[in-house]
Structure formats: structure tokens, C-alpha cells
Amino acid sequence: MSRYKKVDDKVIQHFKDLIGEKNIITDESKMTDYSHDEFTLSDIARMPEVVVKPENTEQAAKVMKYADHNQIPVTPRGGATGLCGGCVPSQGGIVLSLEKMDRIVEVDTDNQMAVVEAGVTLMDFYEAVNDAGLFFPPHPGDESAMIGGLIAANAGGARAVKYGVIRNYIKGMEVVLASGKVIRPGGKVMKSSTGYNLLNLFIGSEGTLGVVTSAVIQLMPPPGTTRSLIIPYDDLKQAIETVPLLIKKKILPMAVEFIPKEVIVRTEEILKKRWPSQMGNTYLLVILDASSEDEIDKLSEKVAEISLEKGALDVFVADSPKKQKQVLDIRSKIYESIKEDNVETLDIAVPRAEIANHVKKVLDVQEKYGMWLPTYGHAADGNVHTHIMKVRYKDGQITSLPEEEWKEKLHLVREELYKDCREKGGTISGEHGIGVVKKSYLSYVVDEEEISLMKGIKKVFDPHLILNPGKIFE
Ligand SMILES: Cc1cc2nc3c(=O)[nH]c(=O)nc-3n(C[C@H](O)[C@H](O)[C@H](O)COP(=O)(O)OP(=O)(O)OC[C@H]3O[C@@H](n4cnc5c(N)ncnc54)[C@H](O)[C@@H]3O)c2cc1C
């Protein structure tokens with residue numbers, strides 16, 4: 001029997017009275033959208049019993065207080081772009097959607113800090129920051145993600161190698177606790193050694209410790225200029241091994257991605273756009289930033305020299321904003337081009353000197369199971385995204401696999417790659433989180449003692465275990 005109370009008509013009426021009928025959804029057809037995120041397998045989806053959309057912190061706090069008192073599970077939800085089922089209401093109950101809390105409270109240019117509500121999308125945030133002449137460096141791939149979700153997942157993105165992840169920019173937060181009490185750890189300060197860092201506990205906690213309602217986010221001055229280099233190789237290993245060499249020679253690009261040709265070809269076909277190079281089998285996309293044209297010229301020359309020495313076939317430069325946009329448009333649509341046949345996107349992060357070895361393992365596993373495992377990733381920070389597909393790919397031809405076959409192989413592939421990740425000193429999620437999908441693999445890389453400490457922390461913040469049950473380790 002479930003430990004949780006069902007949401008009945010009386011509960012729904014209570015929420016209507018608390019925060020207004022227009023902020024409550026109970027219609028099944030409308031709630032379907034709130035039953036899943038971007039993880040593709042429908043077997044983890046679960047319908048909420050009610051969706052509530054608070055307009056402000058006070059309303060969110062009232063909902064939490066009632067849910068805690070009545071033992072009703074609450075799953076916070078942002079843009080639902082997550083890839084591990086994090087915002088799926090695994091135990092039913094309430095989905096607490098932050099979508100109506102979408103105000104950019106201020107962009108404070110004196111302190112270079114923004115204060116925003118949790119439901120602000122990344123896209124709107126970039127626009128506001130840009131309009132103020134400032135820069136927010138992290139760039140996770142889906143701009144419909146919301147600030148609360150980005151914080152809860154500790155999102156990363158391609159620029160982490162130089163600029164770090166979301167955690168590095170969150171300086172303050174407003175959080176509604178399970179009890180309905182509101183706390184505001186941190187603020188517009190660059191430094192703080194003032195007791196335990198509660199702020200950091202919430203970052204990456206996947207909605208299991210509290211509901212983020214707003215955040216203070218550090219901004220930066222924008223880079224003077226940027227440039228993208230597209231570097232083709234015949235050999236993936238040579239491409240990946242170029243990256244630690246760049247770093248050894250003290251070149252820290254804004255982003256470095258490795259991308260196999262077959263996914264570029266598929267994206268070109270769908271978008272009807274041309275990638276700047278048709279040479280080779282694999283590409284490095286190196287994005288540089290610098291304060292002046294002179295400096296970026298020198299950096300580009302050095303990158304070209306090192307890459308060509310390592311076996312690159314050529315170096316193509318996208319220097320104008322138009323050319324860069326064309327390259328980045330194709331890069332950003334790769335996921336769309338393979339999404340239909342993708343079952344799961346792995347998010348393994350290994351020490352960057354181990355990327356080439358891990359990718360070699362992926363290729364071996366692909367061969368062994370006859371499944372297409374297109375792999376690309378943020379080469380310079382060690383984060384490797386292997387896509388487990390329900391198709392086979394050979395000589396440019398895609399053939400479907402029977403459902404029974406790919407479902408069975410899915411587990412075998414996951415297991416082999418997670419074991420390889422562990423052997424290489426890696427982690428099973430670099431930026432997407434554990435959610436539902438990876439929780440049975442957590443113990444591959446986190447020991448029992450640490451998991452037990454995590455469970456202890458969870459109980460302090462959420463003694464009745466109502467916040468996002470069924471996630472991370474539960
Ligand atoms: C095409 C594509 C590309 C992507 N690229 C990247 C990438 O480069 N880097 C990267 O890191 N991720 C990437 N992602 C994954 C995803 O965008 C991130 O995980 C993002 O942080 C999720 O934000 P969201 O608002 O969509 O959160 P949701 O999916 O709604 O929720 C994610 C988690 O956060 C919790 N949560 C949401 N809002 C709150 C809140 N206000 N308070 C407390 N908990 C909350 C949820 O309960 C859930 O556990 C990509 C996804 C897609 C589809």
C-alpha cells in the first residue's frame with residue numbers, strides 16, 4: 001500500500017481556494033503533457049493527480065505546507081527538457097509547475113548579478129542579459145529549460161570547459177521547503193564562508209530537497225570576439241587526443257565538441273544546410289573566444305598547428321557571425337535529427353584523458369550488439385553523450401531492430417558502458433542528473449556510505465519524503 005494520500009475532490013477544491021481555479025489542472029487530456037519529460041521511453045511516464053501552477057512564492061509555500069501535512073507527493077517541474085525522467089510524478093500526486101513564475105526581477109549591472117524567478121526560460125534569460133550588455137556563459141543545449149530546472153539538475157553544456165557549470169554562477173536562492181517554510185541562502189555576494197553551504201546542497205538536488213522559486217545569478221562581461229573552427233579527421237582517436245594537447249599548450253577554448261560524420265550528414269539532410277567540411281569521418285568543433293581579433297587570430301593559428309600535427313585533414317574557419325550561426329544551427333539540431341530512433345542519451349563523464357578510451361569502448365559495444373550508438377560530446381570536459389538507438393547503422397543504411405531485441409540490448413549496453421565509466425574513474429551523469437532512469441546504477445559510482453549520507457540529508461529537509469519521491473536513490 002502506498003504511504004501517500006490520494007488527491008481527491010476535497011484536496012482539489014482546497015487548492016482552488018488556496019491559489020485560484022485558473023492555476024489548477026485536473027483535466028486528463030491537459031495533464032498528459034505533465035506526465036513525462038524528454039526521456040523517450042514511455043514506460044516511465046506517470047500521470048499526475050493534479051497540476052498546480054503557483055504565481056508566486058507565497059502560493060507555492062501554501063501548496064507545500066498542505067501537501068506535507070497531508071502526505072501528498074509533490075514533483076517540481078520546469079521546462080520538462082530533462083533527459084532522465086526527473087520531473088515525472090513517479091508516485092502520482094501533485095506536479096508543481098513553476099511556469100507562471102517567469103519574471104526577470106532585475107539585471108543589476110553594478111553588481112553584475114541577475115535576480116530571476118524559477119520559471120524564466122534560458123532563452124528569455126539570455127535575451128535579458130544580452131540587452132543589458134552582459135554575458136551568461138553556461139549554454140545547455142535546450143533553451144526552453146527553466147532556471148529552476150537548470151539549478152536542480154546543475155546543468156552544464158559545451159562551455160563548461162572554460163566557464164564551468166550552473167553551480168558556478170548561482171550566488172543566492174529562494175527555496176520553499178517541504179514544510180512550506182521559505183529560506184533564502186546566499187545573495188548578491190561573490191564570497192561566503194558562513195556556515196554550511198545550503199545553497200550548494202540545492203544545486204543538483206533534482207527537486208528532492210526543496211522547490212527553487214528564484215535565484216541570484218552571477219553574470220560576466222561578454223567576450224570581445226568568438227570564432228568556430230571545424231577540424232575534420234579520418235580517425236576519431238586522433239581527433240579526441242588533440243583536445244588534451246590543446247589544454248597542455250595552455251589553450252582553453254570556450255567549447256570543444258567531437259561529432260561523427262554520420263550524424264552531421266543526417267542533420268544536413270533534414271535541415272537542408274551544408275556543414276563547412278565534407279572531408280574525413282569525424283570532426284572537432286572548437287569555439288574560441290578572446291578580447292581582440294589579433295588575439296583570436298593567434299589562438300586559431302595555434303589550434304590549427306596542433307590539430308594538423310595530430311593528423312587533422314584541414315581546418316575550416318567560421319569567422320563571420322553568419323558562418324558561425326550556420327555551424328551552430330547544425331550542431332544544435334543534431335539531437336532532433338536522431339531523436340526519433342533514440343531510446344536513451346547517456347551522460348557519462350570521464351577524466352578527459354580517458355575520453356578516447358571510453359569512446360573506443362563504445363565502438364566495441366556497438367559492434368558487439370549490432371546497435372547504432374552515435375556518440376558525440378563536450379570533448380574538453382570529458383562529458384560523452386552516447387545515444388542508444390533502436391536501429392542498426394551500416395554503410396549509411398539504417399535498419400530497424402525488433403522491439404524485443406533493442407529492449408534487451410539496451411540494458412546490456414548501459415551496463416557495459418557504466419562499468420567502463422567506473423573503471424575509468426568517471427561518473428554516470430555529468431550534467432543531466434540521475435532522475436528515475438539512472439537510479440539503479442547510482443551505486444556503480446557512489447559508495448554505500450555516501451548514499452547513506454545523501455539519504456540522511458534528504459530526511460532532514462523532507463522528513464515525510466513528499467518531495468519528488470522515486471528519484472536519485474529512492
Ligand atoms: C535537446 C536537448 C539538449 C540538452 N542539452 C543539455 C546540455 O547541453 N547540458 C545539460 O546540462 N543539459 C542538457 N539537456 C537536459 C536539460 O535541458 C537539462 O537537464 C535542464 O537542466 C532541465 O531543465 P528543465 O527546466 O527542463 O527541468 P525539468 O526537466 O522540468 O526538471 C528537471 C529536474 O529539476 C527539478 N526541478 C525543476 N524545476 C524545479 C524547481 N523550480 N525547484 C526544484 N526542482 C526543480 C525536477 O523535479 C527534475 O528533477 C538537454 C536536453 C535536451 C532535450
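Each ligand, and each atom within it, is numbered from 1 in the order the structure gives. When a residue number appears, it is its place in the shown sequence, counting from 1.
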Q: Does C84 reach ligand 1, in the sense of a heavy atom lying below 4.0 Å from it?
A: no
Q: Kindly confirm or rule out an N or O of A153 lying under 3.5 angstrom from an N or O of ligand 1.
A: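 Among all N and O atoms of A153, none is under 3.5 Å from an N or O of ligand 1.
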Q: Is atom NZ of K181 surrounded by more than 12 heavy atoms (other residues, nucleotides or ligands) closer than 6.0 Å?
A: no
Q: Judging by distance only, is a nitrogen or oxygen of E206 under 3.5 angstrom from one on ligand 1?
A: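 E206 vs ligand 1: N/O contact under 3.5 Å present.
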Q: Determine whether the side chain, the backbone, both or neither of P140 has a heavy atom under 4.0 Å from any heavy atom of ligand 1.
A: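 Both the backbone and the side chain of P140 come within reach of ligand 1.
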Q: Run the side-chain contact (heavy atoms from CB on, under 4.5 Å) test on R3 and Q91 for me, step by step, so that the C-alpha distance in whole Å, both residues' side-chain angles and the decisive distance to 0.1 Å come before the verdict.
A: CA-CA 10 Å; R3 65 189 300 153; Q91 299 286 340; over 6 Å; no
Q: Among all the protein's non-hydrogen atoms, which is closest to atom 50 (C) of ligand 1, and how far away is it?
A: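 Here the nearest protein heavy atom works out to L83 CD1, 3.8 Å.
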Q: Applying the side-chain contact (heavy atoms from CB on, under 4.5 Å) criterion to V211, which one of L96, L177, V182 satisfies it?
A: L96
Q: Can you find an N or O of G156 that's nearer than 3.5 Å to an N or O of ligand 1?
A: yes
Q: Nearest non-hydrogen atom to atom 44 (N) of ligand 1 belongs to which of S214, G207, G141?
A: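 Closest candidate by heavy-atom distance is G207.
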Q: Work out which heavy atom in M31 is nearest to a heavy atom in E49; give both atom names and the distance.
A: CE-O, 3.8 Å
Q: I need the atoms of ligand 1 closer than 4.0 Å to a non-hydrogen atom of A152, numbered in the order shown.
A: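 The list of qualifying atoms is 34 (O), 35 (C), 36 (N), 44 (N), 45 (C).
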Q: Does H139, backbone or side chain, put an N or O under 3.5 Å from an N or O of ligand 1?
A: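 Looking only at distances, the answer is no, because the N/O contact criterion of under 3.5 Å is not met.
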Q: Output yes when a side-chain donor or acceptor of T213 lies under 3.5 Å from a complementary backbone atom of E174, and no otherwise.
A: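 Yes, the answer is positive, given that a donor and an acceptor are paired below the 3.5 Å cut-off.
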Q: Test your reading of the structure: does T81 have an N or O sitting under 3.5 Å from an N or O of ligand 1?
A: yes
Q: Examine the proximity of ligand 1 to E38 and report which part, side chain or backbone, both or neither, has a heavy atom under 4.0 Å away.
A: side chain
Q: Nearest heavy-atom pair of Y335 and L83: which atoms, and what distance?
A: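 Closest heavy-atom pair between Y335 and L83: OH-CD2, 3.8 Å.
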Q: What residue and atom, counting heavy atoms only, is the protein's closest point to atom 12 (N) of ligand 1, and at what distance?
A: H432 CD2, 3.5 Å
Q: Please state which part of N468 comes within less than 4.0 Å of ligand 1, counting heavy atoms only: side chain, backbone, both or neither.
A: side chain
Q: May I ask you to list the atoms of ligand 1 that are less than 4.0 angstrom from any heavy atom of A155?
A: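 Every atom of ligand 1 under 4.0 Å from some heavy atom of A155: 11 (O), 21 (O).
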Q: Would you check if there is a donor-acceptor pair between the side chains of K424 and N357 at a distance under 3.5 Å?
A: no
Q: Answer with yes or no whether the side chains of E431 and H385 bring together a donor and an acceptor at under 3.5 Å.
A: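 Yes, a side-chain donor-acceptor pair sits under 3.5 Å.
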Q: Which heavy atom of the protein is the closest neighbour of atom 38 (N) of ligand 1, given with residue, atom name and distance?
A: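 Sorting protein heavy atoms by distance from atom 38 (N) of ligand 1 puts G149 N, 3.4 Å first.
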Q: For atom 2 (C) of ligand 1, grab the closest protein heavy atom and report residue, atom and distance to one decimal in Å.
A: D142 CB, 3.8 Å
Q: Any chance the side chains of D341 and Y393 put a donor and an acceptor closer than 3.5 Å?
A: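 No, no side-chain donor-acceptor contact under 3.5 Å.
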Q: Considering only heavy atoms, does T213 approach ligand 1 within less than 4.0 Å through its side chain, its backbone, both, or neither?
A: neither
Q: Enumerate the atoms of ligand 1 whose separation from the nearest heavy atom of G86 is less than 4.0 angstrom.
A: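 Atoms satisfying the 4.0 Å criterion: 47 (O), 48 (C), 49 (O).
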Q: Geometry only, no angles: is L98 polar-contacting ligand 1 at N/O separations under 3.5 Å?
A: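 Looking only at distances, the answer is no, because the N/O contact criterion of under 3.5 Å is not met.
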Q: State whether a side-chain donor-acceptor pair under 3.5 Å links E257 with H378.
A: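 Result is yes, a qualifying pair exists.
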Q: Could an N or O of ligand 1 be found under 3.5 Å from any N or O of G82, whether backbone or side chain?
A: yes
Q: Looking only at protein heavy atoms, which one is nearest to atom 31 (O) of ligand 1, and how far off is it?
A: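 Protein heavy atom at minimum distance: C87 CB, 3.8 Å.
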Q: Using a 3.5 Å cut-off on N or O atoms only, is A80 in polar contact with ligand 1?
A: yes
Q: Where do V165 and D381 land on the side-chain contact (heavy atoms from CB on, under 4.5 Å) test, with the steps shown first?
A: CA-CA 11 Å; V165 297; D381 62 25; over 6 Å; no
Q: Under 3.5 Å, is there a donor-acceptor pair between the side chain of K5 and the main chain of Q71?
A: no
Q: Do H464 and D68 get their side chains close enough for a donor-acceptor pair, meaning under 3.5 Å?
A: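 Yes, because at least one side-chain N or O of H464 sits under 3.5 Å from a partner of the opposite role on D68.
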Q: Between A118 and ligand 1, find which residue part has any heavy-atom pair under 4.0 Å and reply side chain, backbone, both or neither.
A: side chain
Q: So is there a nitrogen or oxygen of G79 less than 3.5 Å from a nitrogen or oxygen in ligand 1?
A: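 Among all N and O atoms of G79, at least one is under 3.5 Å from an N or O of ligand 1.
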Q: Taking only Lys NZ, Arg NE, NH1 and NH2, and the carboxylate oxygens of Asp or Glu, determine whether K439 and E206 approach each other closer than 4.0 Å.
A: no
Q: How does V212 reach ligand 1, by side chain, by backbone, by both or by neither, if only non-hydrogen atoms under 4.0 Å count?
A: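 The answer is both, backbone and side chain.
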Q: Going by distance only, is there an N or O of A158 that falls short of 3.5 Å from an N or O of ligand 1?
A: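 It does not: no N or O of A158 is found under 3.5 Å from an N or O of ligand 1.
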Q: Please list the nearest protein heavy atom to atom 1 (C) of ligand 1 with its residue and the distance rounded to 0.1 Å.
A: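 Its nearest protein heavy-atom neighbour is Y335 CD2, 3.4 Å.
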Q: Can you sort out which atoms of ligand 1 are near G210, meaning under 4.0 Å from one of its heavy atoms?
A: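 Under 4.0 Å from G210, ligand 1 has these atoms: 43 (C).
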Q: What protein heavy atom sits nearest atom 46 (C) of ligand 1, and how far off is it?
A: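 Looking only at protein heavy atoms, the one closest to atom 46 (C) of ligand 1 is P76 O, 3.2 Å.
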Q: Between K22 and E55 (salt bridge meaning N to carboxylate O under 4.0 Å), is one present in this structure?
A: yes
Q: Can you name the closest pair of heavy atoms from V95 and P48 and give their distance?
A: CG2-CB, 3.6 Å
Q: With ring centroids as reference points, do Y233 and F258 lie under 6.0 angstrom apart?
A: no
Q: Go through ligand 1 atom by atom and flag the ones less than 4.0 Å from a non-hydrogen atom of G157.
A: 8 (O), 9 (N)
